[in-house]
Amino acid sequence: MRKITKITGLCSLLGLAVLSAYNLKYNSNDVSVNIDTVYADSSTEVEKNDTFDSSAKTDERIYGIGSVSKVYVTTAVMQLVDQGKVELDKSVTEYIPDFKMADERYKDITVRMLMNHTSGIMGSSWTNMMLYEDNDMSCHDNILKSLSTQRLKADPGQYAAYCNDGFTLLELIVEEVTGMSYTEYVDKNIAAKIGAEHTGTPVNLFQDPMQTDIYIKNMQYDYNYCMALGSGGMESTATEVARFGSTFFTGDNTLLSEESKNAMATRWNEDGVGTDIYTDDNGLGWDYVETWKCNGEDVKVISKGGDITLQHAWLSVVPDEEISVAVLSAGGESSTNRILANALTEVILEDMGKPVDEPEAEDISFADSIPERYKSFEGYYNMYTNAGNEIVYISFTNDTLVMQHLYLNNKLDYFKMTEEESFVKVDDDGELSAQLQTMYFEEKNGGVYVKADEEDESVGLGKVTYHLNSGERLVPGEVEGEASESWNKLNGERVVLYNDKYTSTDYDTPFQIITVSDDMMGYINIGKPGAFGDLLKIESSTKAVAFSTVESSASRDIYDISVEKEKLEDGNEVTSVNVTTGNKYLLVSELPILDNSVKSVDLYTEEASWYKIGDDISGGTLSVDRPENSNIYVYNKYSEMVYSTHMHIDNDIPLPAGGYILFLGEDGGTITIN
């Protein structure tokens with residue numbers, strides 16, 4: 001008996017499928033292992049002589065597969081390339097005449113650049129992208145309007161940095177070229193061709209009874225949809241995702257020609273030979289086309305991960321060995337799904353006689369001291385790691401690099417220099433850290449940058465090593481006069497999202513905090529409470545801009561912000577913090593008080609009605625009469641959500657002391673407070 005894996009604390013619900021032309025009985029029948037509603041601390045074992053029937057009916061569930069959807073929309077456009085209807089290196093404007101940006105360089109963006117994340121587009125237009133029990137297409141309908149006011153962060157083609165909006169544009173290209181809706185095209189030209197009866201989008205699978213249940217901390221929630229269909233909106237079962245992956249097997253031309261599949265599996269900047277491993281590893285649609293090679297250089301794996309608010313996915317394909325593994329989950333995160341997919345792939349390869357050998361740990365020789373020239377690298381760095389963005393201060397002692405994490409209570413990490421002049425993380429005793437983390441410095445274009453190797457490990461499943469351009473040194477600048485005074489007034493100010501639809505999942509975590517540091521003159525930070533967030537450079541008294549020049553996904557999803565006075569639908573003038581990619585925020589200090597005198601709240605489609613909870617009602621509960629198309633949220637004084645009408649509970653609404661309450665709905669609606 002071979003134990004494939006043990007799932008420990010992975011997620012609340014899991015869908016998994018493996019398809020291969022090789023099975024555990026060494027014959028040519030397909031293997032399909034389908035596991036659904038697998039709970040934490042369960043395990044799955046497969047007898048080596050078991051036979052699996054891929055056509056057998058299962059109790060599988062449908063999941064939102066997040067950014068694995070990017071492989072689907074890329075496949076759709078590549079089908080049009082195969083038919084001669086689209087050319088990869090033609091400008092996007094050839095196919096979307098209404099596509100414009102506030103940056104003339106947009107005319108140089110090609111179809112290929114959308115697929116390989118090199119377009120230079122800032123990242124993601126989030127407004128109404130993720131919705132609870134709603135398939136409103138406003139995200140799709142407004143993408144061109146959103147992009148029309150944005151600048152580019154880099155010259156098109158300069159470097160790869162993950163970009164969701166590029167794949168929403170690919171969705172529009174499919175519609176412009178074919179005259180069909182994207183959902184209709186996928187249903188006819190992808191799902192139907194592979195016999196996938198439960199693959200589609202929130203348009204044709206809306207409220208499908210096979211959709212998985214969604215839980216947060218053992219509390220069931222409404223189902224959530226991603227409405228950016230091309231970048232993250234596909235829905236499917238694990239078996240059908242794995243079946244889709246099998247169309248990339250060598251020699252399978254069900255969906256695409258070999259030429260198109262090879263183009264998709266080729267790294268964006270080279271063919272993989274001599275490529276800088278610290279740049280992003282994506283091909284066309286795929287996240288990874290060179291990172292993980294098995295059995296030396298003989299076995300190539302291509303893969304893609306996906307995350308939406310409460311659902312996660314991973315698809316790995318080994319084209320020559322005909323293996324396709326899909327891991328879908330409600331809960332957890334795609335990085336864990338990836339490790340499980342890798343573990344399953346390794347099991348099959350080993351049974352094929354192609355074991356995956358763990359690379360031997362290299363001998364590390366530490367240098368006696370750090371050369372004096374490294375002193376010039378000391379300073380503040382904007383760092384991007386697996387944990388997200390943060391600011392650190394790097395300094396050097398005689399033989400140790402000290403990294404101080406400013407937004408993690410000044411936590412210290414230590415790195416020893418090797419004889420090869422890399423810096424390897426060590427513990428407090430100077431011994432190698434249990435998880436690999438290695439840093440390298442590079443001087444380029446007048447700046448100082450950091451490259452990093454970092455391990456992500458899931459106990460019992462395995463680990464993945466990432467290589468990335470991860471950070472850059474900051475050069476603080478003086479900000480004087482009106483600009484300094486204006487931003488200092490906002491230091492420590494909490495702000496709340498107010499312009500998304502009432503069904504948006506972004507209201508689960510709507511708070512941001514603006515901070516201005518005396519140490520970091522010239523910059524502000526805006527991020528969720530308890531997290532670092534994003535660093536922006538002050539440009540004027542009302543504007544701060546993204547500045548990152550790191551040539552990797554460390555520069556993904558960046559934006560500019562402006563502080564403006566706006567008049568709301570109720571006639572009140574407010575201070576609004578506006579993000580160039582769509583979202584708008586109110587200052588918490590300007591929110592009205594909900595007390596016993598408030599008997600009703602009018603609702604507005606694009607304006608949330610926010611209140612602080614008054615002292616005279618705090619600690620109690622609230623009951624209301626509300627229209628069907630409305631929702632209510634409650635947050636405690638720490639900005640944590642404690643109640644939502646998306647929760648499947650039937651309780652009165654709590655009113656925590658020092659907390660906040662949010663009323664959402666459509667124009668003309670009113671919530672009556674009892």
Side-chain angles (χ1 to χ4, degrees), residues 15-17 60-79 114-115 124 129-131 134-137 139-140 143 164-175 180-208 210-212 214 223-248 255-256 264 284-287 303-317 324-330 334 337 341 505:
L16 178 151
E60 279 196 287
R61 295 287 182 172
I62 292 171
Y63 297 79
I65 64 173
S67 286
V68 176
S69 305
K70 291 178 172 64
V71 185
Y72 287 73
V73 74
T74 302
T75 297
V77 176
M78 293 303 287
Q79 287 178 330
L114 300 181
M115 294 178 175
S124 304
M129 182 187 286
M130 307 286 184
L131 304 177
D134 187 3
N135 61 356
D136 182 337
M137 292 291 289
C139 177
H140 164 282
I143 184 64
N164 284 306
D165 283 351
F167 290 81
T168 304
L169 288 174
L170 289 174
E171 175 189 339
L172 298 188
I173 288 175
V174 172
E175 295 182 334
M180 303 168 66
S181 75
Y182 179 67
T183 298
E184 292 170 332
Y185 183 89
V186 169
D187 188 51
K188 179 179 179 180
N189 295 283
I190 295 179
K193 287 188 175 181
I194 62 174
E197 299 177 356
H198 308 294
T199 294
T201 75
V203 176
N204 62 346
L205 292 181
F206 185 61
Q207 296 182 334
D208 191 290
M210 282 183 59
Q211 285 166 340
T212 189
I214 303 294
Y223 191 83
N224 67 297
Y225 296 94
C226 176
M227 296 311 301
L229 307 184
S231 66
M234 291 297 297
E235 306 261 323
S236 192
T237 66
T239 292
E240 292 187 358
V241 173
R243 190 182 305 161
F244 170 73
S246 74
T247 66
F248 292 90
L255 297 180
L256 292 173
M264 289 176 65
L284 304 183
W286 296 103
D287 277 350
S303 56
K304 180 76 187 79
D307 298 274
I308 56 176
T309 307
L310 301 172
Q311 300 178 72
H312 314 277
W314 196 269
L315 172 63
S316 288
V317 177
S324 179
V325 181
V327 182
L328 314 182
S329 65
S334 66
N337 293 23
T505 67

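Since this is a predicted model, take the numbers as computed values, not measurements.
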Inset, instruction - Flag the pair Met234 / Val241 as yes when at least one side-chain heavy-atom distance between them is below 4.5 Å, and no otherwise. - result: no
Inset, instruction - Ignoring hydrogens and angles, state whether a donor on the side chain of Thr239 or Glu60 is under 3.5 Å from an acceptor on the partner side chain. - result: yes
Inset, instruction - Report the distance from atom CG of Leu315 to atom OG of Ser324, rounding to the nearest 0.5 Å. - result: 5.0 Å
Legend entry - Spacing of CE belonging to Met115 relative to CD1 belonging to Ile173, to within rounding of 0.5 Å: 7.5 Å
Inset, instruction - Could you tell me how the ring of Tyr225 sits relative to the ring of Phe206: parallel (under 30°), tilted (30 to 60°) or perpendicular (over 60°)? - result: tilted
Inset, instruction - Indicate yes or no: at least one non-hydrogen side-chain atom of Leu328 is less than 4.5 angstrom from one of Thr212. - result: no
Legend entry - Side-chain heavy-atom pair Tyr223, Leu310 within 4.5 angstrom cut-off: no
Legend entry - Straight-line distance of Leu131 CG to Asn224 CG, nearest 0.5 Å: 9.0 Å
Legend entry - Contact check, side chains of Ile190 and Thr199, non-hydrogen atoms, under 4.5 Å: no
Inset, instruction - Measure the spacing between CD1 of Ile62 and CG of Asp208 and express it to the nearest 0.5 Å. - result: 3.5 Å
Legend entry - Within 6.0 angstrom of Gln207 CD, more than 12 heavy atoms from elsewhere: yes
Inset, instruction - Report the distance from atom CE of Met130 to atom CD of Gln311, rounding to the nearest 0.5 Å. - result: 10.0 Å
Legend entry - Side chains of His140 and Glu175 in contact at under 4.5 Å (non-hydrogen atoms): yes
Legend entry - Nearest-0.5 Å distance that lies between atom OG in Ser329 and atom CD1 in Ile65: 12.5 Å
Legend entry - 4.5 Å side-chain heavy-atom contact, Leu170 and Lys70: no
Inset, instruction - State whether the number of non-hydrogen atoms from other residues, nucleotides or ligands found under 6.0 Å of Lys193 atom NZ is greater than 12. - result: yes
Inset, instruction - Report yes if some heavy atom in the side chain of Trp286 is under 4.5 Å from a heavy atom in the side chain of Met264; otherwise report no. - result: yes
